[in-house]
Asker: 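My questions all concern the structure below.
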Amino acid sequence: MSTLLSGLNTEQLNAVTLPHQSALVLAGAGSGKTRVLTTRIAYLIQSRQVSPHSIIAVTFTNKAAKEMLARISTMLPINTQGMWVGTFHGLCNRMLRAHYQDAGLPQTFQILDSADQIAVIKRVLKGIGADDEKFPPRQVQWFINNAKEEGLRGSQVEAYDDFTRKMVEFYLVYEQQCNKDGMVDFAELLLRSYELLTRNEILRRHYSGRFSHILVDEFQDTSQLQYKWLKLFAGAGAAVFVVGDDDQSIYAFRGANTGNMREFEHDFRISKIIKLEQNYRSHGNILDAANTLIRNNSGRLDKNLWTSEGHGEPLRVYNAPTDFDEAAFIVDEVKSLHAGGVELSQIALLYRSNAQSRVLEHALFNASLAYRVYGGMRFFERQEIKHALAYLRMIANPDDDNALLRIINFPVRGIGARSLEQLQDDAKQLGGSLWQAALEKYSSGAVSSQASEDMETVLHSRNKKIDKPKKGVNSFVVLIEAIQQGCDELSLPEIVDHMLEHSGLVDYYRAEREGANRLENLHELINAATSYIQEAEDDSLAGFLAHASLEAGEHQSGNNQDALQLMTVHSAKGLEFHSVFLSGLEEGLFPHENSRNEAGGLEEERRLMYVALTRARRRLYLSFAQNRMLHGQTRYNIPSRFLQEIPDGLLKWLHPLQKKVITQQVPGIMGRESGTTDQVFGMLTQKSRLRMKESTIDIRDTEASRWHVGQNVTHAKFGAGVIVNREGGGADARVQVKFNHAGTKWLSLEYAKLAST
DNA sequence: ACTGATTCTTTTTTT
DNA sequence: AAGAATCAGT
């Protein structure tokens, strides 16, 4: 007990030991939020004799849920399996599985991730002959999800204009399709379980009675519907303990509603907000920068982070000519940090959008630095895995049209658009799934052909209609049935293995030239199944499939070696690192240009920036590039306004060698002496920009002219050699070097650190 | 039905 | 720049 609470500061202790009442904890970045939550749970169980069975803890990501469970079990020797800890979506799934009948769902209902959802929408649109130029599937998806988030069914949405009426129509057909196939999208998980509780009084009583304590992490990220869902769970008697930081709300695009914090204050009669303001993570300068920046936002709940640590280093700012230079700079700095004893895994490279990782990866790869990219293409989103999952879905529930369409001709078995159309028509007539239609066709060559037709036509049409397409469809039906039968008595990993072998997927990718990686992923899927049955209490195939949809990421066939961490700012939330590089600080990128048109968009971007800054413990690099390649063309950018919102005194500007000259030529641009914002930052005139560019090239050319054919050189990695050729000029200058021991290579003078010997 | 070529389009962030 | 989607030719 005393060990449980030791080391907590006054506010933390206060929060942890609160009596049975609802509470709002406003917890700044790095203020020990997770610790407070987990300790509170442990404290409730240990000192208040609260049964783990009556505690529910909601987190925002699966990762956070896992970590919470792990921390609790180190504090208390209890079985955490009975506890309800998870994301909103995860918990809703759990509930719907338990009461699938009451919820009007088939036992094997499938969860659609966004990509699946788009696919279904596309199919639906095509099915009713809608013009997908005029109604882009993305927009339809957005409409549907928004409606669901507001708690509205297709029949309840009010439409006053043609466009909306059309959208509603799509929504209705989409709903129908989902119901028919037993599919549930993310928003549906929430809405469905919300409705279940609203309608079903017995269940509602059961749950609101069962949970005496509800704890919510990252409360600022909850949506309207999620909040209503919470209130339903809480009923009248539960103590609801929510922890959040309005400054770190970065999911408004997904429906997060900071206003929930104020509503909560009101709804649950919170008399005093508990504030955790001592930061245990970052040095003073970093914190000051973050605090100053975020003060530019309006309507914040008041809070100011402080630290008892010293100021530490200034933030380092780097102005790179191009994104390549930026990457090269980062690589250099990482190397010296690493050489100085900082573990690679303690260094993070953060960026606003996933696409930015490419340049960085390229540079890191060439420098042979170990790195790991989070997010981006996730494990369960890869095409080979999606294919494999589709086969598994067919085993679990063959009426899943979506899954069927994905794999009916993959690997190819001669089923083209023609036979598919046929099948879809049959299904429509039958009023059943594609699978049922396929079965019908396959199992009965002599189906009730219309008696009115004469014999010849029947024979004729049978030969043409049934024989030919039947071949393909037939083989598919046989295959799926064979796999299904083969799965009896098998464990989950064995089912996966069995499916992989017999579906032909393994053979397909084995034959593919670039298939090695995909093969590896397919095998990794077996491992994923193995670890799933070890961790989850429900080891059914349906459970595994739900898991795959809900937890798309975090399963990488990865090694645990010390590696740099690359991720978006969003996915860095909740993490901390010794050193952080924040790259791409340019207008249009961060803040992102799309945020301009959205209400509150800029403030959300600023919060995102705040999150990014507060990830760093000791050292923080901020960098931007004047030119950046985007969608295949170069864009000229001006530095992010957020840079300017950080006090000068906290920044230390780093300049590459060439830059010194530029500074002299164009004073007032690089130096940040007095002057209006526009002069300093941005609005570089076309002319001055040009001047900068020219001067850069000039210098480079001098740089390049240092090298000539026949010169003896050494390279850090390849050793000694002689220049045998050179081409290009300016930024593109390259030399061909014949190395004594490493063959002949073309090297870019810009990056290859050649030394003359 | 399949292949190769051409055009199009890109998510900002995630359950 | 790269991948997906569509189109044309076989």
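Since this is a predicted model, take the numbers as computed values, not measurements. The chains referred to below are lettered A, B, ... by the order of the sequence lines, with proteins before strands, and numbering in each begins at 1.
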Asker: Check for a donor-acceptor pair, side chain of D116(A) on one end and backbone N or O of D113(A) on the other, with a separation under 3.5 Å.
Answerer: yes

Asker: Please confirm whether R607(A) makes a cation-pi placement over Y610(A), using NZ or CZ under 6.0 Å from the six-membered ring centre and within 45° of the ring normal.
Answerer: no

Asker: Of the nucleotides dC2(B), dA5(C), dA1(B), which has the atom closest to the V412(A) side chain?
Answerer: dC2(B)

Asker: Would a distance-only check, ignoring hydrogens and angles, find a side-chain to backbone donor-acceptor pair under 3.5 Å from N260(A) to S223(A)?
Answerer: yes

Asker: Rounding to a whole Å, what distance do you find between E381(A):CD and dT13(B):P?
Answerer: 11 Å

Asker: Just the atom pairs and distances: protein N or O near nucleotides 5-12 of chain B's N or O, under 3.5 Å.
Answerer:
residue: dT11(B); atom: O2; partner: R138(A); partner atom: NH2; Å: 3.3
residue: dT11(B); atom: N3; partner: R138(A); partner atom: NH2; Å: 3.3
residue: dT12(B); atom: OP1; partner: N594(A); partner atom: ND2; Å: 2.8
residue: dT12(B); atom: O2; partner: R352(A); partner atom: NH1; Å: 2.5
residue: dT12(B); atom: O2; partner: R352(A); partner atom: NH2; Å: 2.0
residue: dT12(B); atom: O4; partner: E598(A); partner atom: OE2; Å: 2.9

Asker: Atom CD of E149(A) to atom C1' of dT14(B): distance rounded to whole Å?
Answerer: 14 Å

Asker: Could you work out which one of dT14(B), dA1(B), dA2(C) sits closest to the side chain of S419(A)?
Answerer: dA1(B)

Asker: Cationic tip of R97(A) within the cone over F109(A)'s six-membered ring, i.e. under 6.0 Å and within 45° of the normal?
Answerer: yes

Asker: Between atom NZ in K148(A) and atom C1' in dT15(B), what is the gap in whole Å?
Answerer: 14 Å

Asker: Within the side chain of S249(A), is there an N or O that forms a donor-acceptor pair under 3.5 Å with the backbone of D246(A)?
Answerer: no

Asker: For V140(A), is there any backbone N or O sitting under 3.5 Å from a side-chain donor or acceptor partner on Y171(A)?
Answerer: no

Asker: Within the structure shown, what part of the strands sits under 4.0 Å from F60(A) by heavy-atom distance: base, sugar-phosphate, or nothing?
Answerer: sugar-phosphate

Asker: Between atom CG in D221(A) and atom P in dT13(B), what is the gap in whole Å?
Answerer: 16 Å

Asker: To the nearest Å, how far apart are F186(A) CZ and dT14(B) C1'?
Answerer: 8 Å

Asker: Please confirm whether the shortest side-chain N or O distance from K573(A) to OP1 or OP2 of dT14(B) is below 4.0 Å.
Answerer: no

Asker: Figure out the CE/P separation between M609(A) and dT13(B), and round it to whole Å.
Answerer: 18 Å

Asker: Regarding F590(A), tell me which of base, sugar-phosphate or nothing describes its non-hydrogen contacts under 4.0 Å with the strands shown.
Answerer: nothing

Asker: Within this structure, what is the CD1-to-P distance between I250(A) and dT14(B), rounded to whole angstrom?
Answerer: 9 Å

Asker: Using modelled atom types only, decide if a donor and an acceptor are shared between the side chain of N627(A) and the backbone of N637(A) within a distance under 3.5 Å.
Answerer: no

Asker: Figure out the CG/P separation between D185(A) and dT14(B), and round it to whole Å.
Answerer: 19 Å

Asker: Does dT14(B) have OP1 or OP2 under 4.0 Å away from a side-chain N or O of T568(A)?
Answerer: yes

Asker: Looking only at atom P, what distance separates dT6(C) and dT11(B), rounded to whole Å?
Answerer: 16 Å

